[in-house]
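The block underneath contains the structure these notes are about, expressed in structure tokens.
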Amino acid sequence: MTVPDASTLSDGPLTLAEVERLRADFPILGETVNGHPLSYLDSGATAQRPTHVLEAEHDYLTRRNSAVHRGAHTLAAEATEVFENARARVAAFVGVRENEIVWTSNATEGINLVAYAFSNASLGRGAPASSRFALGEGDEIVTTEMEHHANLIPWQELAARTGATLRVIPIDDDGQLQMAAAEEIIGSRTRVLAFTHVSNVTGVINPVERLVALAHAVGALVVLDACQSAPHRPLDLGALGVDFAVFSGHKMLGPTGVGVLYGRAELLDAMPPFLTGGSMITTVTLEKAEYLPAPQRFEAGTQRVSQAIALGAAVDYLSEVGMQRIHDWEAALGQRLVSGLSAIPGITVLGPPPGVERAGLASFVVEGVHAHDVGQYLDDLGIAVRVGHHCAQPLHRRFGVTASTRASAYLYNTPAEVDAFLEGVREVTAFFGVVPTLYPQSSERTSL
Amino acid sequence: MSSSLESLYQEVIMDHSRTPHNHGLREGGSAESHQLNPTCGDEVTLRIHSQGDTITSLSWEGHGCAISQASASLLSDVIVDLDRAAVQERIDAFRELMRSKGTLEGDEELLGDAVVLGGVSRYIARVKCAMLAWVALEDAMAKTSAA
């Protein structure tokens with residue numbers, strides 16, 4: 001089991017030679033798809049895993065697999081140790097303490113955990129410590145127009161359950177958050193501000209510090225969706241000052257089935273649980289139960305042990321390569337994507353124009369060609385991209401489209417792959433024949 | 001471009017997607033159904049026009065991928081002056097073709113030009129696109145029988 005050999009890594013920016021060596025760590029990148037070498041440009045949906053991560057999980061399952069936090073036998077003790085050690089490494093990776101890291105199934109569950117804990121607090125559970133999380137009529141939850149459905153629907157539901165009002169900060173035509181509107185919306189009624197660090201559709205990077213300052217000035221709690229930032233840039237949640245954050249293992253070289261909720265220790269310890277049952281209690285009678293402190297309070301039932309351990313291995317791998325270097329490499333690929341796409345007639349890129357900071361991804365619309373057809377053509381060339389609304393329907397509606405095509409890069413993608421993708425997109429416009437109105441809209445809707 | 005992609009996007013399909021037939025909802029329908037594929041946002045609203053037990057024609061509108069829109073257009077060419085049983089027979093034949101994973105040719109007697117969509121059956125992710133309008137027709141028929 002090896003992380004990338006340190007002797008093969010340089011101190012400066014990632015080089016193509018290094019990336020080619022790293023690619024050898026990812027067996028799937030050697031696959032052939034439809035007669036072409038795979039070009040995987042869908043890491044925004046799920047990332048591929050290096051042998052190091054696959055072996056970490058295999059090694060645990062073949063040598064130490066056992067129930068954690070129970071049992072006194074040797075394997076159980078060792079399993080608990082490596083499980084908790086993974087938590088410590090993930091905590092260090094994002095600049096927080098290990099008792100502030102809760103394992104979840106994915107980021108979606110993390111956000112729901114927070115929303116349901118607030119909901120339970122609103123019912124008086126965990127009072128008086130939890131009363132700071134209680135919401136009711138007159139309170140406001142604020143999110144943004146660019147959110148993934150997972151950072152919107154849990155808040156819609158929380159508002160509906162508690163009588164609180166959900167407010168949404170709009171974006172501008174380039175996909176940037178309208179900060180003037182944010183300053184107006186975030187006010188004395190705001191109790192929660194939930195927003196994404198990086199948009200998985202537009203590649204926009206939100207000004208976390210400014211938003212945290214606005215929220216904290218009015219005593220609101222900040223929930224950060226870090227799904228697109230934790231895998232791709234140095235992230236220090238402690239320094240950013242957010243109160244909660246979530247991210248997913250499978251987007252950062254780790255397995256599916258494991259995600260992370262970060263919460264400031266004093267908040268987690270004051271919050272009532274969401275899922276209840278075994279492993280999260282101290283004393284149980286037939287009438288009631290006492291709960292463990294965080295993080296165990298929020299980890300009811302048997303945990304995803306091998307996945308957590310593999311996620312620990314994934315952050316080791318990322319740290320070894322260096323998050324700043326990964327960020328810089330991907331930022332260059334993102335600019336290459338947006339510049340190339342913008343130069344093709346009939347293509348509209350969603351989000352910031354070339355030259356403006358964006359993550360290593362680009363979503364775009366081909367005039368007159370549906371995203372499904374674009375994706376199908378590229379798939380025929382062995383190029384994997386995402387098509388559809390990318391779990392962000394309101395954001396697409398804002399841009400007046402129902403679907404887009406997204407190419408998203410990671411540390412293992414090369415400029416040559418981006419160029420081949422761009423060539424494929426140029427062929428798409430020729431193959432489908434880009435015409436101004438492919439689907440004429442019927443005039444006024446008639447009645448039956 | 002591979003030959004399989006050419007079989008998916010045959011010229012007939014491309015023509016129908018660029019210049020769809022019976023596009024635009026006409027007045028005087030007897031039932032209507034709106035179908036949405038939530039994964040990609042493809043939408044079709046289809047209306048049945050009938051006289052007695054005979055479905056005389058269809059009209060529809062929608063937006064989405066070339067396959068979903070061409071399929072609606074091709075369907076509207078198939079369903080002209082047919083009784084309900086004959087319509088259902090064609091829906092069933094098309095569904096069987098779509099589930100065939102490329103093993104069936106498709107019955108041209110029943111499906112007319114819509115057999116060109118047979119290539120879609122090899123692309124499991126696209127079968128829903130091709131089925132969208134046909135599901136809308138089936139749903140609209142169910143509404144008329146319930147009424």
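Order of the sequence lines fixes the chain letters, A, B, ..., with proteins taken first and strands second; residue numbering starts at 1 for each chain.
- Between chain B and the options A:H390, A:Q376, A:Q393, the largest number of non-hydrogen pairs under 4.5 Å is found for A:Q376.
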Problem set entry | B:Y9 and A:F431: CA distance, side-chain angles, deciding distance, ring-ring contact (aromatic ring centres under 6.0 Å, His included) verdict | CA-CA 10 Å; B:Y9 293 110; A:F431 179 69; 5.8 Å; yes
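- Between the side chain of B:R18 and the backbone N or O of A:F432 there is at least one donor-acceptor pair closer than 3.5 Å.
- Taken to the nearest 0.5 Å, the SG atom of B:C129 stands 8.0 Å off from the NE2 atom of A:H370.
- We find the CG-CG distance between A:D379 and B:L5 to be 9.0 Å, quoted to the nearest 0.5 Å.
- Atoms CG and CG, on A:D373 and B:L8 in that order, are 8.0 Å from each other to the nearest 0.5 Å.
- Taken from CD1 in B:I67 to NE2 in A:H372, the straight-line distance is 10.0 Å, to the nearest 0.5 Å.
- A:H389 places a side-chain N or O within 3.5 Å of a backbone atom of B:P38 that can act as its donor or acceptor partner.
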